[in-house]
Q: 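Have a look at this one before I ask anything.
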Amino acid sequence: MTTLSTDVLPLPRAFYARGAERVARALLGQILVSTIGETRVAGRIVETEAYIGPHDDASHAAERIGRTARNESMFGEPGIAYVYRIYGVHWCLNVVTDRVDYPAAVLIRALEPIEGQDVMRVRRSIARSERDLCSGPGKLAQALGITGALDAHPLDAPPLFILEGGRVPPSRIVTCTRVGITRAHDLPLRFYERGNPHVSRW
DNA sequence: TCGAAGATTGTCT
DNA sequence: GACAATCTTCGAG
């Protein structure tokens, strides 16, 4: 099993202070760590989606919707979390990007588990295989213990943070259309690591 | 105050 | 492949 060295630092705030599409690509290969509930669990980011601003009609902060209580953290500092509930059932984790007062974010869609798989398995009692632990936005939130309480949390501090894990080279990044949306579904804003079995869908 | 829709997942056929 | 679960959000009345 892979272990993490303890001298790796969180990604700096500046990492997130650029367009969501660039951050979505750069996040592939980085390490998402949760110490929620005292136990440390971690996974390598292998799939993301970008929601690039008010002109992105699929975004929760699209121009036709505007700034609301729900999407407030999307307008906050780059590098904080935007956590929302979907279908009344699951939590989804986004990373806020770009600049203050400009709603752009990256949805973390899948992880490759690298630490704390036993804890993930307890939280995801339904999972039958390691692949089932984090291969979807709702699944990884459950595996890491992420809830709405983490909305607006800065992602360079416990209990939820992202570490430098090495980038995925551009030749290994697949670009395609986003999953599960009804508006602006033709934009190529989903990114995943080629051939990685932990991606949510092909 | 009501109703419809939603960046998903798991179960059943 | 179809559909239910489940609840917050937002627009309409």
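Keep in mind that what you see is a predicted model, and the values were worked out from it rather than measured. Every chain is numbered from 1 and lettered A, B, ... according to where its sequence line falls, protein lines coming before strand lines.
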Q: Tell me whether the NZ or CZ atom of A/R99 lies within the 45° cone about the ring axis of A/Y16 and under 6.0 Å from its centre.
A: no
Q: Using a heavy-atom distance cut-off of less than 4.0 Å, which residues of residues 82-92 of chain A contact DNA chain B?
A: A/Y84, A/I86, A/Y87, A/G88, A/H90
Q: Can you find a pair of side-chain heavy atoms, one from A/E77 and one from A/V100, that are under 4.5 Å apart?
A: yes
Q: Could you name each residue pair satisfying salt bridge (charged side-chain N to carboxylate O under 4.0 Å, His left out) that touches residues 8-31 of chain A, not counting sequence neighbours?
A: A/R13-A/D156
Q: Salt bridge check: are A/D57 and A/R64 linked by an N-O gap of less than 4.0 Å?
A: yes
Q: Calculate the interatomic distance between A/L93 atom CG and B/dT8 atom P; express it in whole Å.
A: 14 Å
Q: Could you check which residues of residues 48-71 of chain A get a heavy atom under 4.0 Å from DNA chain C? Sort them by number, please.
A: A/T68, A/R70
Q: Paired with B/dC12 by Watson-Crick or G-U wobble geometry, both distances under 3.5 Å: which nucleotide is it?
A: C/dG1
Q: Can you give the donor-acceptor pairs under 3.5 Å from side chains of residues 79-93 of chain A to other protein atoms, not counting sequence neighbours?
A:
residue : atom : partner : partner atom : Å
A/Y82   : OH   : A/H60   : ND1          : 2.8

Q: Provide the start and end nucleotides, 5' to 3', of the part of DNA chain C that has atoms under 4.0 Å from heavy atoms of chain A.
A: C/dA5 to C/dC10
Q: Looking at A/R67 and A/D101, is any side-chain nitrogen of the basic one under 4.0 Å from a carboxylate oxygen of the acidic one?
A: yes
Q: What distance separates A/R178 CZ from A/H185 NE2, expressed to the nearest 0.5 Å?
A: 10.5 Å
Q: Just checking A/S200: base, sugar-phosphate only, or nothing, at a heavy-atom cut-off of under 4.0 Å?
A: nothing
Q: Please list, by residue number, the residues of residues 121-142 of chain A whose heavy atoms come closer than 4.0 Å to an atom of DNA chain B; answer none if no residue qualifies.
A: A/R124, A/I126, A/R128, A/G136, A/P137, A/G138, A/K139
